[in-house]
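In what follows, a single structure is set out as structure tokens and then discussed.
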Amino acid sequence: MEKRELIARRIAQELKDGYYVNLGIGIPTLVANYIPPGIEVVLQSENGMLGIGPFPFEGEEDADLINAGKETVTEIPGTSYFSSADSFAMIRGGHIDLTVLGAMEVDERGNIASWMIPGKVVKGMGGSMDLVAGANRVIVAMEHTTKDGRPKILKQTNYVPSNSVARTSEGRRT
């Protein structure tokens, strides 16, 4: 099994019945495929979808149903759609029980660097700052090293951190 799948499967074990969960771009999107049987969660995406289902089977894709990473997804019964402004109001208002987001780096205080690599074109910073401040619990889904073997878990991030709020291991702000 691929590392990314193992990470997503492990994170899916953290889901609790009744949770509202935001899945970020990358490994986090895979979590939707591994929700344990008997657990009902509602998946939310910053681009304005509440009720995301697993990835569609090949040939069953609907180009109008996409997650924050622009990947096609399915919808569950009761799915709703709204503006990204309303989506971020949910996040900022503390209505998301858990967010799973990716990161380029994490430091020993729980700060994450997740949106800007110096010298690279950035289309937007995404919602990570809002998610780490607004969600009740945060899980970072990432491999522990870069493709060339450099560690991504560091004493201090090399990039600009997305959050300036340290969190405890339980995800509470400190």
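Everything numeric here is computed off the predicted structure, so don't read it as measured data. What you see below is based on every heavy atom in this structure, not just the backbone, and it leaves out hydrogens, waters and symmetry mates. All residue numbers refer to positions in the sequence shown, counting from 1.
- Taking each heavy atom of Gly102 and Val140 in turn, the nearest pair found is C-CG1, 4.4 Å.
- Two residues are said to be in side-chain contact when any heavy atoms from C-beta on lie closer than 4.5 Å; Ile112 and Glu105 fail this criterion.
- Using a 4.0 Å cut-off between charged nitrogen and carboxylate oxygen, Lys155 and Glu108 count as a salt-bridge pair.
- Closest approach of Ala32 to Gly53, counting heavy atoms only: CB-O, 4.1 Å.
- Side-chain heavy atoms closer than 4.5 Å link hydrophobic residues (I, L, V, M, F, W, Y) into clusters, and following such links, even through other members, never connects Leu101 to Val41.
- Val138 approaches Leu98 most closely through the heavy-atom pair N-CD1, 4.4 Å.
- Of the possible polar contacts, one joining the Thr146 side chain to the Arg150 backbone as a donor-acceptor pair under 3.5 Å is found.
- Sorted by first and then second residue, the salt bridge (Lys or Arg N to Asp or Glu O under 4.0 Å) pairs involving residues 5-22 (not counting sequence neighbours) are Arg10-Glu14, Glu14-Arg137.
- How far CD1 of Ile76 is from CD1 of Ile52: 9.0 Å, rounded to the nearest 0.5 Å.
- Hydrophobic clustering (ILVMFWY, side-chain heavy atoms < 4.5 Å, transitive): Val42 and Leu23 are in distinct clusters.
- By the 6.0 Å contact criterion, OH on Tyr20 is open, its count of non-hydrogen atoms from other residues, nucleotides or ligands being 12 or less.
- The CE atom of Met49 sits 10.5 Å away from atom CG of Asp64, with the distance rounded to the nearest 0.5 Å.
- Side chain to side chain, Asp107 and Gln156 fail the donor-acceptor criterion of an N or O pair below 3.5 Å.
- No more than 12 heavy-atom neighbours from other residues, nucleotides or ligands sit within 6.0 angstrom of CD on Glu40.
- Annotation for Asp97 and Asn136: closest pair O-CB, 3.4 Å, computed over non-hydrogen atoms.
- Follow the hydrophobic side-chain contacts under 4.5 Å out from Ile7 and you never reach Met142; the two are in separate clusters.
- Between the side chain of Thr79 and the main chain of Gly51, a donor-acceptor pair closer than 3.5 Å is present.
- Rounding to the nearest 0.5 Å places CG of Leu50 at 10.5 Å from CG of Asn22.
- The same ILVMFWY cluster, assembled from side-chain heavy atoms under 4.5 Å apart, contains both Val73 and Tyr19.
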Practice task
Test Glu143 against Lys3 for salt bridge (charged side-chain N to carboxylate O under 4.0 Å, His left out), laying out the working first.
Solution key: CA-CA 8 Å; Glu143 294 185 34; Lys3 285 186 279 188; 3.1 Å; yes

Practice task
Test Val21 against Ile96 for side chain to side chain contact (heavy atoms under 4.5 Å, CB included), laying out the working first.
Solution key: CA-CA 6 Å; Val21 180; Ile96 301 299; 5.8 Å; no

Practice task
Quick one: do Ser87 and Gln44 satisfy side chain to side chain donor-acceptor pair (under 3.5 Å)? Show the steps, please.
Solution key: CA-CA 8 Å; Ser87 179; Gln44 187 259 11; 2.7 Å; yes

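- Atom CD of residue Glu60 and atom CG of residue Leu65 lie 12.5 Å apart, to the nearest 0.5 angstrom.
- The closest donor-acceptor contact from the side chain of Asp86 to the backbone of Gly48 lies at 3.5 Å or more, if one exists at all.
- The two residues Val106 and Ala103 make their nearest non-hydrogen contact at CG2-CB, 4.2 Å.
- Note: Ser45 OG to Tyr81 OH = 11.0 Å, rounded to the nearest 0.5 Å.
- Between Ile25 and Ala68, the shortest heavy-atom contact is CD1-O, 3.7 Å.
- Phe55 pairs in a side-chain contact (heavy atoms from CB on, under 4.5 Å) with only one of the listed residues (Thr29, Thr72, Thr74), which is Thr29.
- Residues Thr99 and Ile139 have side chains not in contact (no heavy-atom distance under 4.5 Å, counting atoms from C-beta outward).
- Hydrophobic clustering, with ILVMFWY side chains joined whenever heavy atoms are under 4.5 angstrom apart, groups Ile39 together with Leu43.
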